2 protein chains.
Amino acid sequence: MKVSKAPKIATSDTMPLNYYQKEDQVLLAVDCIIFGFHKKSLKVLLIKRNFQPEKGKWSLIGGFLKRNEQLDQAAERVLSTLTGLNNIYMEQLYTYSKVDRDPGQRTISVAYYALINVSSYQYDGIHIESAQWFDLEEAPPLIFDHNEMIERAMARLRRKAMTKPIGFELLPEKFTMRKLQNLYESILNKKLDKRNFVNKIISLDVLIKLNEKDMTTSRRGAFLYVFDKEKYEKKVEEEGFIFKI
Amino acid sequence: MKVSKAPKIATSDTMPLNYYQKEDQVLLAVDCIIFGFHKKSLKVLLIKRNFQPEKGKWSLIGGFLKRNEQLDQAAERVLSTLTGLNNIYMEQLYTYSKVDRDPGQRTISVAYYALINVSSYQYDGIHIESAQWFDLEEAPPLIFDHNEMIERAMARLRRKAMTKPIGFELLPEKFTMRKLQNLYESILNKKLDKRNFVNKIISLDVLIKLNEKDMTTSRRGAFLYVFDKEKYEKKVEEEGFIFKI
DNA sequence: TCAAAAGTGTTGAAGATACACCCATGT
DNA sequence: ACATGGGTGTATCTTCAACACTTTTGA
């Protein structure tokens, strides 16, 4: 390593406004990894391209950033346009910029991931517009660097779900302990001990047990819970509580 | 929430190549948060703008993405141009896209953070080109959203240094236990117990103790250590070892 | 009456934390 | 001889992991 005087060019971003005119412009896209949870497994929503180029291949949903919006808005717009869903948990993931990643034109893509809670209706009904849910292990090869995006999103989801209660975004408002455990088993991709899981969750003290049972999966029925968001946030604020599973 | 058929526009990114021509283009910048460690405290390297707009204000170093490079390369170029340093640990942090973040022109900025180990020479010598090291708590107000970038970088560094041995990037090759502890105290922003720290570090078994002492900080001298990168990587590969401090 | 899922506690091991004194050396 | 930072071990507490049987009820 050596140290040298910095040439003038180092300060090019600090030039007066008109200087910017000389710089290269690029297309900025957003692509969304949409996670859902259905019947004990984590799913990702993909669409099939039915035109050239890459016709017939599967892809994440995406779109281009417009001049008057910021990336979060673009991602929400793209998601809402495809699925009709609003107020979805979304988070920026990573920006992909390989020079030839899109053979059409130099395009940089900012990946977002979204967690949505799919009702059975949505799960079956989503087939409109050649969109389809895939089990994560069974996702097909995708265009460009989209498989890489899913990999990174999955890694992020794993890490994040261990320390922040984002997992609940993937469940309906009321859920059984078993559902919650299934979800975490999907995210972590391993079996958990039922007793240890319940003990841990209960000791976190951020769930409310309802006087209501889900009778669809057993004769005996299983109690339903809801996540107590206010309680969680108060704990974080007052005691620096960290959600840790 | 409602579900509706997706309008045609949802698939705009999958159109044939010439379709892209209609989309808005933007400027893409990279900004680098450069961390260093000197005399028991974490520092960040800033430069002073000496021209309009925002003349006289402090700023991160940055530059624009060129047509034929990817973001990682742009970030390396920017860093190397200012500091003359190469082969530096860098990582993409986040992409900032508020519509008015840069009053000059619509600019999206991808922030990177870098960890460099500053020798005393570099620490004092860096004053060239109006660059200066700041203690993190004493960083001045910066242009645009640069303070926000530093906040996020700091949060990332904290998290990352707890689970990956990236902290070592901030130290010279040979270092004393005390230096390492000081570093972690800076990153975590709290005092650590000397005995517990040493016990933990030693039990990780990824340091090599040298037969060499640093005589600059005490009469007795303190043993020097080096990080054993190969051993660390072998452990990760063979036993799924996770660096955990 | 039985099949199928729900529910429930204890023990041992490992890891984290708290804590205080002697050592080596240059001045 | 003393001042300064270097170096070391143990006891307690908390957290995690392993583990199996009883309950409910519809068919």
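To find a chain, count down the sequence lines: A is the first, B the second, and so on, and within it residues start at 1. Predicted model, so just to flag it, every value in this text is computed and none were measured.
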A.B. asks: Counting C-beta onward and ignoring hydrogens, is there a side-chain heavy-atom pair between A:L207 and A:L180 closer than 4.5 Å?
C.D. replies: yes
A.B. asks: Strictly by ring pair (Phe, Tyr, Trp, His ring centres under 6.0 Å), give each pair with a member in residues 165-203 of chain A just once, sequence neighbours left out.
C.D. replies: A:F168-A:F175, A:F168-A:F227
A.B. asks: Starting at the 5' end of DNA chain C and moving along, which residue's nearest nucleotide shows up first, A:T217 or A:K209?
C.D. replies: A:T217
A.B. asks: Tabulate atom names and distances for all N/O pairs under 3.5 angstrom spanning the protein and nucleotides 24-27 of chain C.
C.D. replies:
residue: C:dA24; atom: O4'; partner: B:R220; partner atom: NE; Å: 3.4

A.B. asks: Just do the side-chain hydrogen bond (donor to acceptor under 3.5 Å, both in side chains) check on A:Y96 and A:D31 with the steps written out, would you?
C.D. replies: CA-CA 10 Å; A:Y96 293 82; A:D31 286 301; over 6 Å; no
A.B. asks: Might you work through the salt bridge (Lys or Arg N to Asp or Glu O under 4.0 Å) test for A:D205 and A:K231, ending with a clear yes or no?
C.D. replies: CA-CA 8 Å; A:D205 188 31; A:K231 193 167 192 177; 3.2 Å; yes
A.B. asks: Is there a residue in residues 180-189 of chain B whose heavy atoms reach under 4.0 Å of DNA chain C, and which residues are they?
C.D. replies: none
A.B. asks: Kindly say whether B:L192 contributes a backbone atom to a donor-acceptor pair with the side chain of B:E185 at under 3.5 angstrom?
C.D. replies: yes
A.B. asks: Below 4.0 angstrom, N of the basic side chain to O of the carboxylate: do B:D135 and B:K43 qualify?
C.D. replies: yes
A.B. asks: Hey, which of A:N182, A:I201, A:L224 is the one that makes side chain to side chain contact (heavy atoms under 4.5 Å, CB included) with A:M177?
C.D. replies: A:I201
A.B. asks: What do the steps show when you test B:S41 against B:S186 for side-chain hydrogen bond (donor to acceptor under 3.5 Å, both in side chains), and what is the final call?
C.D. replies: CA-CA 6 Å; B:S41 57; B:S186 295; 5.9 Å; no
A.B. asks: Chain A on DNA chain D: first and last contacting nucleotide, 5' to 3', under 4.0 Å to a heavy atom?
C.D. replies: D:dA17 to D:dG26
A.B. asks: Compare all side-chain heavy atoms of A:F37 with those of A:L115 and state whether any distance is below 4.5 angstrom.
C.D. replies: no
A.B. asks: Tell me every residue that passes ring pair (Phe, Tyr, Trp, His ring centres under 6.0 Å) with B:F223, counting only those two or more places apart in sequence or in another chain.
C.D. replies: none
A.B. asks: Ignoring hydrogens and geometry, is there a side-chain-to-backbone donor-acceptor pair from A:N147 to A:L142 under 3.5 Å?
C.D. replies: yes
A.B. asks: List in numerical order all residues of residues 190-202 of chain A for which some heavy atom is under 4.0 Å away from an atom belonging to DNA chain D.
C.D. replies: A:D193, A:R195, A:N196
A.B. asks: Between B:R156 and B:E91, is there a side-chain N and carboxylate O pair less than 4.0 Å apart?
C.D. replies: yes
